[in-house]
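Everything quoted here is computed from the prediction, not taken from an experiment.
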Amino acid sequence: MSNDRILEGLNPEQREAVLHTEGPLLILAGAGSGKTRVLTHRLAWLVREHGVSPTSLLAITFTNKAAEEMRRRLQDLVGGASRAMWISTFHAACARMLRRDAERLGYQKNFAVYDEEDQRRLVLRLMRDNEMDVKRYPPRAVRSRISLAKNELVSWEDYRQRARDDFEAVVGEVYRLYQETMARNNAMDFDDLLVNALALLELFPSLLEEYQERFRYISVDEYQDTNRAQYRWVNLLAERRRNLCVVGDDDQSIYSWRGADLRNILDFERDYPDARIIRLERNYRSTRVILDAAHGVVRGIRGRKPKKLWTDREGGEPIRFFQADSEYQEALYVAEEINGLTARGYRLSDIAVFYRINAQSRPFEEVMLRLGIPYRIVGGFRFYERKEVKDVLAYLRVLANPADDVSLLRVVNVPRRGIGETTIGHLQAHAALQGITLWEALLRAEEVAPLGAGARRRLSEFARLMSELRDAADELALPELMKEVQERSGYLEELRRERTLEAEGRLENLEELLRVADEFQQTRPEEGLQGFLEQVSLLSDIDYYDQEEGAVTLMTLHNAKGLEFPVVFMVGMLDGVFPHSRSVVEGREDEERRLCYVGITRARDLLYLTCSAQRSQYGLTDYCAPSPYVKEIPEELLERVGAAEVEERAVRLESERLARMAEGFQVGDRVLHRVFGTGVVREITVSSAGPEMAIEFPELGTKRFLLAFAPLTPLKD
DNA sequence: GCATGAGTACTTTTT
DNA sequence: GTACTCATGC
């Protein structure tokens, strides 16, 4: 392939960005302006034209999915060289550094990665152990403050010193206990990955130098959503070579609640006075109407870098706005439109439904299920957050890192083996007194004086189980080990005994987990248990998403970032939900506007905004006004849809569905009625209530049924 | 130690 | 409407 192909089809600004290889570069890339293309082509250009070794390239993306996509595109441009580049999220890159050198910070290489639930459990335990008031200071809130502090590089010492009220004082104290326990448990949470990777660079100049020498060219995508720790880490790495290319868009900054700081991108010019700045303002995605609507929402934000995207897709279909009477009707409208769109030639995978919070998905799921529209949900309850999955993973985590007592405590009595709170309490006290880990205390359970004989026996038995599994861990490949854990822990047996639908589902999930382990073993056998656990904890919902599947996509606006669809429905556009009342209270309304902007600019051709006059939450229904953002879209771009029309179509849709059902039956067929038994169809007619059938039963004579309600099944001869 | 039921808080958004 | 905590009784 010739190098010219790398530049082919780029507009002048894109081309300029690709050609600017040396020195700091800021690319202000509006929505749909082809920034992924620029990023990948720039890397390809470095390799092909400048002969840069792929090992010298570090590319940070926002999700694993984006990294994968980038690698795939690079594979096309430069072939196998793409494999040698570091293309990953901040968290994955930091984890990689730490797997190599965490020992320098006092961790062992096999450190565990805690997710939010693990963190919350630990915070709760620490607060209870120290007699703190968990009602007044909710562990969730404490956890989130600690997390935010870390992202802003505030240590517990600093935090405690700066505490302004008693809540912050409590947080400061828990923060200290938390970090101590994490160190003892040989565990890091998501934030520690960043903080500790940064610590490696700051504390060990030789390491810093090594990485600075290695990564001669660094690029960061979605720079507007980086936090303090990420900012420091990446700028430190780039300090020597100064070949730092950052890409972002202040209008799409939507993660301040997780510590992202818009100043990182706004101040880039101050950090690098010699930076080249390139603006990509040509949008290749949306119609003019859609871009104007998006602009209407963010126009008024103060401190915003003024800019306006342009497109040569003049005009476009108006934005449809529909205010339904009920949530159900809203969902029905969306479903009707989807049917109409597919009739017009759109594929289901062209269509997306976005909402502000996961809880809003329910009515849409229900209606699509009922009308038989295939859909796929991104996010919400995650596979790896399901109880049974986390339980089995917790066993594996203990095997990989016995110091991990959060995981050990999670599984010690799951399934039930008669080891209750009292017993565990004694064990913990013993461990603390002796200065040993919970695991060690478990192995020497006989020495725990206050324990009764029964408790002691049960603990020893559990200890034996775990030691044997630990031996197995050295011998067996991952899938076999997991199978052993599922079987020998008694977990499968307990679920099998239950014989409920729920247990059935859990068993299926555990099977799925085995398949995941199997695939990991096939593709990355050298990474072992450790690597598996790490991958599992760093994956996000969107990483699993395959846009090509023949289904409508449902997801939150946050998950929609970086994607595009020919048709977008933004649903539940209600004041209080969007903007979310909590965001408003906490002074983050601008960010809600940007979130709206992100949603709108995902649409290529068609955009729908919907809401309903009422909404139910906590089982109650109350009345709601439409989102104020709807009003900020210029009136001439909107087309309001009437409820009467929607009702009418709903009725028609329903009768069509019934008519389709009737197609399964013909006069003369034998059918089975759940109550009356076997009969023969004598007549099919259609009334206003849908298809009716006259069925003759041998004993009972002829009866008439409404197809919609009768429990009938056709019988094959 | 554990099953049961009453009472409660709860929902932003996620690597 | 649910998930979680807590008190009660076996």
task = Using a strict 4.0 Å threshold on nitrogen-to-oxygen distance, state whether A:R497 and A:E494 make a salt bridge.
result = no
Position toward the 5' end of DNA chain B (nearest nucleotide), A:G420 or A:R588 = A:G420
message = Under 4.0 Å, heavy atoms only, any strand: does A:E421 hit a base, just the sugar-phosphate, or nothing?
response = sugar-phosphate
ask   = What is the distance from CG of A:D225 to P of B:dT13, rounded to the nearest Å?
value = 17 Å
key: Contact nearer the 5' end of DNA chain B, comparing A:P138 with A:T89   = A:P138
task = State yes or no: are the ring centers of A:F569 and A:F354 separated by less than 6.0 Å?
result = no
ask   = Would one find a side-chain N or O of A:T422 under 4.0 angstrom from OP1 or OP2 of B:dG1?
value = yes
query = Minimum heavy-atom separation for A:S612 to A:E330, with atom names?
reply = N-OE1, 3.6 Å
inquiry  = Check for me whether A:R99 meets the cation-pi criterion with A:F111, that is, NZ or CZ under 6.0 Å from the six-membered ring centre and within 45 degrees of the ring axis.
reply    = yes
inquiry  = I want to check one thing: is the phosphate of B:dT15, taken as OP1 and OP2, less than 4.0 Å away from some side-chain N or O of A:N227?
reply    = no
ask   = For DNA chain C, which nucleotides open and close the run of contacts to chain A, 5' to 3', at under 4.0 angstrom from a non-hydrogen atom?
value = C:dG1 to C:dC6
key: Note: A:R594-A:D250 ion pair, threshold 4.0 Å (strictly below)   = no
message = Taking only side-chain N and O atoms of A:R417, does any of them lie within less than 4.0 angstrom of OP1 or OP2 on B:dG1?
response = no
key: Point-to-point distance, once rounded to the nearest 0.5 Å, from CG of A:L262 to CD1 of A:I254   = 12.0 Å
request  = Report yes if at least one side-chain N or O of A:N559 is closer than 4.0 Å to OP1 or OP2 of B:dT14; otherwise report no.
outcome  = yes
request  = For A:Y255, check ring pair (Phe, Tyr, Trp, His ring centres under 6.0 Å) against everything at least two apart and list the hits.
outcome  = A:F62, A:W257, A:H558
request  = Would you indicate what A:E222 reaches in the nucleic acid, counting non-hydrogen atoms under 4.0 angstrom: base, sugar-phosphate, or nothing?
outcome  = nothing
ask   = For atom P, what is the distance between B:dT13 and C:dC4, given to the nearest Å?
value = 15 Å
task = Just call it for A:R362: base, sugar-phosphate, or nothing, with non-hydrogen atoms closer than 4.0 Å on any strand.
result = nothing
query = Is the aromatic ring centre of A:W257 closer than 5.5 Å to the centre of the six-membered base ring of B:dT13, with the two planes inclined by less than 30°?
reply = yes
ask   = Quick one: is B:dT12 close enough that its OP1 or OP2 comes under 4.0 Å of any side-chain N or O from A:S581?
value = no
message = Using a heavy-atom cut-off of 4.0 Å across all strands, would you classify A:N358 as base, sugar-phosphate, or nothing?
response = sugar-phosphate
query = Charged N to carboxylate O under 4.0 angstrom, A:R356 versus A:E592?
reply = yes
note = Side-chain atoms of A:H580 come closest, of B:dT13, B:dG1, B:dT11, to B:dT11
ask   = What nucleotide, of B:dC2, B:dT13, B:dT15, holds the atom closest to the side chain of A:F190?
value = B:dT15
query = Which of these nucleotides, B:dC2, B:dT13, B:dG1, is closest to any side-chain atom of A:I357?
reply = B:dT13
ask   = Just checking A:T63: base, sugar-phosphate only, or nothing, at a heavy-atom cut-off of under 4.0 Å?
value = nothing
inquiry  = When you measure only distances, ignoring hydrogens and angles, does the side chain of A:R356 come within 3.5 Å of the base of B:dT12 through a donor and an acceptor?
reply    = yes
